[in-house]
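Values below: every heavy atom of this structure, side chains too, minus hydrogens, waters and symmetry copies. Letters A, B, ... mirror the listed sequences (proteins, then strands); counts begin at 1. All values derive from a computational prediction rather than experimental measurement.
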There are 2 protein chains.
Amino acid sequence: MGRKRLPESADGRPTVHTVAARAGVSIASASRVLNGVGGSPETVRKVRAAAAEVGYVPNAIARSLQSQRTGLVALAVEDIGNPVYVEMMRAIESVVAASGRQLLVHATGGQIANETALLRRLAHRYVDGMIVSPIRVTDDHLAALVDSPVPVVVVGQLGADAPVDNVRTDSRTGVALAVDHLVAAGRRRIGFVNGPLDTVPGAARDAGFRAALAAHGIDLDERLVEVGDFQYAAGRAATERLLARACPDALVCANDLIAVGALHALLAAGHRVPQDVALVGMDDTELARMMFPQLSSVSLGSAERGRRAAELLLQRIADPTLPPRREQVAPSLAVRASSATVATTGAELPAPRTPEVTA
Amino acid sequence: MGRKRLPESADGRPTVHTVAARAGVSIASASRVLNGVGGSPETVRKVRAAAAEVGYVPNAIARSLQSQRTGLVALAVEDIGNPVYVEMMRAIESVVAASGRQLLVHATGGQIANETALLRRLAHRYVDGMIVSPIRVTDDHLAALVDSPVPVVVVGQLGADAPVDNVRTDSRTGVALAVDHLVAAGRRRIGFVNGPLDTVPGAARDAGFRAALAAHGIDLDERLVEVGDFQYAAGRAATERLLARACPDALVCANDLIAVGALHALLAAGHRVPQDVALVGMDDTELARMMFPQLSSVSLGSAERGRRAAELLLQRIADPTLPPRREQVAPSLAVRASSATVATTGAELPAPRTPEVTA
DNA sequence: CAGACTCCCGGAAACGTTTACAGCAGGCAG
DNA sequence: CTGCCTGCTGTAAACGTTTCCGGGAGTCTG
């Protein structure tokens, strides 16, 4: 009745060998039972009991090495603090979860090196696929995307001929929606608070803003344009600089975080919103609805883009030979109190509901 | 000169065998060169060239199976939309990155099953360790934590005797800080908008609020207490319900999202903040500083807790035999415009700076 | 010049699974 | 009674890496 020393893994945890030895069967039988395929009633009983006794938990790494899949999908974004990525993530998560996989998120901090390293390292088989939403795209970056060892889908603009699955929106048209709306409301001194021009969205929005003004025959006063980065604090500081030298009657902001910063700067400087200055943000995140007054915002369909990206990714995982595909989500405008046509009372609108006008 | 078919992995990608064959060396030599240890100049040259030609990328799974580590650390939180977790995540990320590892985030959606499943599945060796911040803790959950196959650190309250590394704060004292501050400012009809009472933080904050009022000899009017969940929309709705039946001169909110909802509800109902109603949030996130007026908030040291949790985790990964440790981070109060003592002008304070008083 | 020492190389054994394959026993039909 | 089929079982070979170990060649020392 001497108890023999059972085989175990290097760190002392039980392996399938431990279970098999304890149950007095082969590792093949043990594995089969643990996976629920085959096995006589008696074998099943013995293996189950042995596994429970030693507290067996399968080593997912070893299993993945064998099966060539991990059941994990990664999302890499530059800043989880930005609610637009939260919304995108939720959409992706629900699609991914429905396929029985788990979603992992990685924040790159917007650093190219970081993101490329992620692609080159983590993607090297730790995940079955990944979705990345880069805001800067270098050649090196693109190369890493193209010959990624796992399927990759990009959310955002990418060179026209890049052979990578891609879900984009048209942020130039998005900016135009905002400008059209403000012009229609009688605003003429329309300012723009943007993010860095060396980012893909920053450049696109700048171009879109200039084009939209031109389309209305409005000469752009360069003093009404200011650049920070895509964060709250920078948006607020940029707006303060802008207000110090010019007097806009409307502001378009390149995303909602900037718009919230602008709102803060405007209110702190004693401007009324929307009476004195109308304000329109971009991305139409939950944050826009949290503000008082609620912010009008251009929706770039982040949830929809996330959903579609996830679907593309799952399809490509299922069939890696698919040709590269490209999908586009149209922007729309949600008009709320921050740019509503001012009622005769002159009071801020209470806006307990969220009126949305989709253009 | 006939080119022989090189060995390759099942999915057609090159392996170390491919590289070795192409370079005319053994896989051992190839592996050594690729890892930068040893190898004659000539061998190094040949292997490097072969690797570049076939586009070799190492299979991280196989490497991990061998080395018993993945270089990945996971953080599981219930809701990435909550900025408190973003701050915690950033703190964790910086510690983890400094150790040469990568951080992955998983949103559990607050569902127990989800979180337990994560522990039971993903943790089964895909990551070297994980940090979880559960808001509900069941026995099953606790069991999964205790016999996790990888090191786990919990951020948040946990049963006193749970043998798990744990970083907590004292949210009861935190609530007391808010109440003390409001009482000192002359407020007496202090309301409380809380999250679900069946969550750990919800229960602790409820108890803390009642105790703090009692300490000041104030009878609690139950109509001044309302419960929603820890989200913006619920906070706003809960505050609307509260305002419909009572008339507080101050509100304490169980987190900043709720506080923002409360601010919106107050302003929409025509109350001035802080003149009519003072407002104090909790968690002291970036969101509190984004509001106008800026929100006073009780800091529960989320960044500090994250940092410490990450350090505990790294220590435990290095030495799994360490006894369970418990650390505590003291709360503090940041007083801002939303609860500032009202100036004689009666105007809202511009508060361009962020005055912080640490209690 | 012989021996020891260094350096580099290749074979082979791990890491912990899954699974193809073959062997074996038992049941049933001819 | 014999042959085939069915259902389990165990052996062994993968999956792609790293690494231990022994052998061979070259160099330095005595």
Original post:
Is there a side-chain polar atom (N or O) of A:Gln68 under 4.0 Å from OP1 or OP2 of D:dA14?
Top reply: no
Original post:
When you check the phosphate oxygens OP1 and OP2 of D:dG16, does a side-chain N or O of B:Thr15 lie under 4.0 Å from one of them?
Top reply: no
Original post:
Using 4.0 Å as the upper bound for N to carboxylate O, is an ion pair formed by B:Glu93 and B:Arg90?
Top reply: no
**OP:** Mind calculating the distance between CG (B:Asn59) and C1' (C:dC15) to the nearest angstrom?
**Re:** 13 Å
Subject >> Lys/Arg N to Asp/Glu carboxylate O, A:Glu327 vs A:Arg168, below 4.0 Å >> reply: no
Original post:
Checking B:Thr70 side chain against B:Ser64 main chain: does a donor-acceptor pair fall under 3.5 Å?
Top reply: no
**OP:** Find which nucleotide of DNA chain D each of A:Glu42 and B:Pro14 is nearest to by heavy atoms, and output the residue with the more 5' nucleotide.
**Re:** A:Glu42
Original post:
What is the distance, rounded to the nearest whole Å, between atom CG of B:Leu65 and atom P of C:dG16?
Top reply: 7 Å
Subject >> Proximity to the side chain of A:Ala62 - top-ranked nucleotide from C:dT17, D:dT17, D:dG10 >> reply: C:dT17
Original post:
Are the charged groups of B:Arg307 and B:Glu304 less than 4.0 angstrom apart, N to O?
Top reply: yes
Subject >> Nucleotide nearest A:Thr43 (side chain, heavy atoms from C-beta), chosen from C:dC8, C:dC15, D:dC8 >> reply: D:dC8
**OP:** Take the protein atom CZ of B:Arg13 and the nucleotide atom C1' of D:dC15, then report the distance between them rounded to whole Å.
**Re:** 16 Å
**OP:** Give a yes-or-no answer on whether the side chains of A:Asp319 and A:Thr321 include a donor-acceptor pair shorter than 3.5 Å.
**Re:** yes
Original post:
What is the distance from CZ of A:Arg69 to C1' of C:dT17, rounded to the nearest Å?
Top reply: 15 Å
Original post:
Does the side chain of B:Ser302 pick up a donor-acceptor pair with the side chain of B:Tyr85 at under 3.5 Å?
Top reply: no
Tabulate atom names and distances for all N/O pairs under 3.5 angstrom spanning the protein and nucleotides 18-22 of chain C.
from   : atom 1 : to      : atom 2 : distance (Å)
C:dT18 : OP1    : A:Asn35 : OD1    : 3.3
C:dT18 : OP1    : A:Asn35 : ND2    : 3.1
C:dT18 : OP1    : A:Arg63 : NH1    : 3.1
C:dT18 : OP2    : A:Ser31 : OG     : 2.6

